[in-house]
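One structure is given below, encoded as structure tokens.
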Amino acid sequence: MFPTTTYQARRATLLANGPQDGLLVFPTNGESPINCADNVYPYRQDSTFLYYTGIQHPGFLLVMDTATGQTTLYGDDLSLDYIIWMGTQPSVAQRAAQAGIERHASWQAGVKTIQQAVASGTPIHYLPPYRAARTEQLASWLGQSPAQIRAGVSLSLSKAVIAQRSVKTAEELVEMEKAVNITRKMHHAAREHLAPEQLEAAIAGLVEGIAISDGGRLAYPCIATINGHILHNHYHGNRMEAGQLLLLDAGAAARSDYAGDITRTFPVSGTFTAQQRAIYDLVLRAEAESIAALRPGIRYLDIHLQAAHTIATGLTELGLMRGDPAAAVAAGAHALFFPHGLGHMIGLDVHDMEDIGEDLVGYTDELHRSEQFGLRSLRLAKTLEPGYVLTVEPGIYFIPALIDRWVAEGRHTDFINYAALDAYRDFGGIRIEDNVAITEAGYRVLGEPIIK
């Protein structure tokens, strides 16, 4: 994926800035069966293992010894039975050489190394296991229960990896722009083929096919829905009708597995109604103002609150909210319409490093997640730095179940004109999203412009 020197430099940085005692242990992901051992989901490597090695295959274990500075790749060469079914693959020695790893040995030797370290009292540092198989694996190696494994995650390793992976290099940005430009093809094709009487599945299948045909895949399950008020709706069985909106949240992963994450909302018939246009323009304004405000040194929390204020102001002008927009945002009244965060970090993961810990990625020891509805869903709040890459995705939604709950509870009646919402119960939702890199001087929207 990258030159050998890239992976060597990444590992050297981790050894310099990470834990200074014990072993740093990074296993690969294994194959994940769909319904039997030989019928598996498309393989996806653990992102941190991929970051430090570039190896996109299962069956390996990376161990970095902080005492000696030595890195070893453990794994076994494939048997002839495997080769018959899956073809010849590079040897462990070849994989190690490609990643610039100076030592390699068998899988069992790696397990023995870890077990001997445990017996001698040497600390074992590992990241949070997000698959049950990883938890069981670590429990077996360390002689602990699954509960002990989950409690024994290395905070110092987690913070060091997050700090390193958060800042994207120029070569990473090239890969991320590849992902965004494939995603651009997906959204432009969707807009071109969108027409009444189709199933949502026609659009979902179209965009996934484009991702695959460009040598990658989807970075996450596609959201293609006329029910845009359901934020993560993966059902594609509705037939689209004139007058409805299609919310398409779909991003490609490049061959390198760097992700794109783009959302657009299109009128099924090709033309917005006046009601839809007013809401769409408000979301578009919130996104444009948010992007324009991005720069190093500003908290993303403050960009989120700015977007919330723009939305509350616009909804007040439309008669759906009332009172002082600033007071409405402070009270959280706007979250009836904007119940999620403005965005998140993106990189090798669409929600970058969420497996290591969302609060560790998006917050700090001094800045803690809010408990307020809506604001508590903000994944990224901390101060922005050059090299960060993030999504900007404001939205406005009319969620009947949430409206009914707030009406019944009498919530925020000073700020919300509930009577006016009757005309919007079947509206759905609108979201617009782009991927943006923070630069020394400000920001850069990744990729070629995508239709809005």
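FYI, side chains are in, hydrogens and waters are out, and symmetry mates aren't considered; it's all heavy atoms of this structure. What you see is a predicted model; the values in this text were computed from it and never measured.
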TODO: Show your working on side chain to side chain donor-acceptor pair (under 3.5 Å) between N238 and E200 and close with a plain yes or no.
DONE: CA-CA 6 Å; N238 294 305; E200 298 158 324; 3.3 Å; yes

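- Heavy atoms from other residues, nucleotides or ligands lying under 6.0 Å from CG of D21 number more than 12.
- Looking at R150 and T135, their side chains never bring a donor and an acceptor atom within 3.5 Å of each other.
- Below 30°, between 30° and 60°, or above 60°: for Y52 and F26 the angle between ring planes is between 30° and 60°, a tilted geometry.
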TODO: Run the numbers on Y51 and D257 for side chain to side chain donor-acceptor pair (under 3.5 Å), then give the verdict.
DONE: CA-CA 10 Å; Y51 180 82; D257 275 331; over 6 Å; no

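- Every residue two or more places apart in sequence or in another chain that forms a salt bridge (Lys or Arg N to Asp or Glu O under 4.0 Å) with K185 is listed here: D214.
- Taking a cutoff of 4.0 Å between a charged side-chain nitrogen and a carboxylate oxygen, K159 and D365 qualify as a salt bridge.
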Task: Steps toward side-chain contact (heavy atoms from CB on, under 4.5 Å) verdict (D352, K168) - done: CA-CA 11 Å; D352 211 24; K168 306 302 187 289; 3.0 Å; yes

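- Checking each of R444, R184, K452 against D434 for a salt bridge (Lys or Arg N to Asp or Glu O under 4.0 Å) leaves exactly one that passes, namely K452.
- Taking a 6.0 Å sphere around CZ of R131, one finds it holds more than 12 heavy atoms contributed by other residues, nucleotides or ligands.
- Applying the side-chain hydrogen bond (donor to acceptor under 3.5 Å, both in side chains) test to every pair with at least one member in residues 219-228, sequence neighbours left out, gives these pairs: Y220-D249, Y220-D261, T225-N233.
- With sequence neighbours excluded, the residues satisfying salt bridge (Lys or Arg N to Asp or Glu O under 4.0 Å) with D281 are R277.
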